[in-house]
Amino acid sequence: MEKGFFEKTYDVVKQIPYGRVTSYGAVAAFLGSRGSARMVGWAMNSSKNLPENIPAHRVVNSSGLLTGKQHFGGGNIMVELLESEGVIIENDKISNFMDVFWDPASEL
DNA sequence: TTGCTGACCGACG
DNA sequence: CCGTCGGCCAGCA
């Protein structure tokens, strides 16, 4: 049986290396559905319900902007998590996005 | 069951 | 540069 969209999404996100980030669109494209980027974010939202720890903070939008920051408790938890991993964030946006960007289609 | 919504992205004017 | 629209899939009332 083929894995569902959510399972595949979790699988990819969990494989994001330390100090690296990726975009919803990149994950969606890797899964085969470029237009289903929204589903990736939706999977992250559902990931809270999972017993496993999904590094959803390593997933941002194509601009490197931490759009899902507010879903991490309303504070800047996501920012601090990424900064603790060496990611430079400025104004809720990753400055060295190109340096820390991890493309599943290329790396995986 | 139908219909709306959602942490997005790319295209168009 | 900025606002708007369509597409994609799954969960929920």
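Lettering of chains follows the sequences in order, A, B, ..., and the numbering in each one begins at 1. Note that the structure is predicted; figures quoted are calculated from it, not measured.
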Between [atom2] of [N] and [atom1] of [X], the distance in whole Å:
| X | N | atom1 | atom2 | value |
| --- | --- | --- | --- | --- |
| Trp42(A) | dC9(C) | CH2 | C1' | 11 Å |
| Met44(A) | dA7(B) | CE | C1' | 9 Å |
| Phe5(A) | dG11(C) | CZ | C1' | 14 Å |
| Met78(A) | dA7(B) | CE | C1' | 8 Å |
| Phe6(A) | dC8(C) | CZ | C1' | 12 Å |
| Tyr24(A) | dG10(B) | OH | P | 14 Å |
| Leu31(A) | dA10(C) | CG | C1' | 14 Å |
| Phe30(A) | dC9(C) | CZ | P | 17 Å |

### Query
Taking the C1' atom of each, how far is dC2(C) from dA7(B), in whole Å?
22 Å
Name the nucleic acid region contacted by [X], choosing base, sugar-phosphate or nothing; use a 4.0 angstrom heavy-atom cut-off, strictly under.
| X | value |
| --- | --- |
| Ala56(A) | base |
| Phe72(A) | base |
| Asn61(A) | sugar-phosphate |

#### Entry: Steps toward side chain to side chain contact (heavy atoms under 4.5 Å, CB included) verdict (Tyr24(A), Met39(A))
CA-CA 9 Å; Tyr24(A) 302 97; Met39(A) 278 284 55; over 6 Å; no
### Task
Would you tell me if any nitrogen or oxygen in the side chain of Ser62(A) comes within less than 4.0 Å of OP1 or OP2 on dC9(B)?
yes
### Message
Please confirm whether the shortest side-chain N or O distance from Ser46(A) to OP1 or OP2 of dG11(C) is below 4.0 Å.
### Response
no
### Query
Of the candidate nucleotides dG11(C), dC9(B), dA7(B), which contains the atom at the shortest distance from the side chain of His71(A)?
dA7(B)
### Query
Considering only dG11(C), dC9(B), dA7(B), which nucleotide approaches the side chain of Ser23(A) most closely?
dC9(B)
### Task
Show the numbers, then the answer: is there a side chain to side chain contact (heavy atoms under 4.5 Å, CB included) between Trp102(A) and Val21(A)?
CA-CA 6 Å; Trp102(A) 179 79; Val21(A) 298; over 6 Å; no
### Query
With a 3.5 Å cut-off and just heavy-atom distances, do the side chain of Arg34(A) and the base of dG7(C) make a donor-acceptor pair?
no
### Task
Indicate the atoms forming the closest heavy-atom contact of Ser62(A) with Phe97(A), along with that distance.
O-CE2, 3.5 Å
### Query
Sub-3.5 Å donor-acceptor pair from the side chain of Asn91(A) to the main-chain atoms of Lys93(A), do we have one?
no
### Task
Evaluate salt bridge (charged side-chain N to carboxylate O under 4.0 Å, His left out) for Arg58(A) paired with Glu85(A), printing each intermediate quantity in order.
CA-CA 10 Å; Arg58(A) 296 185 183 148; Glu85(A) 295 188 2; 2.9 Å; yes
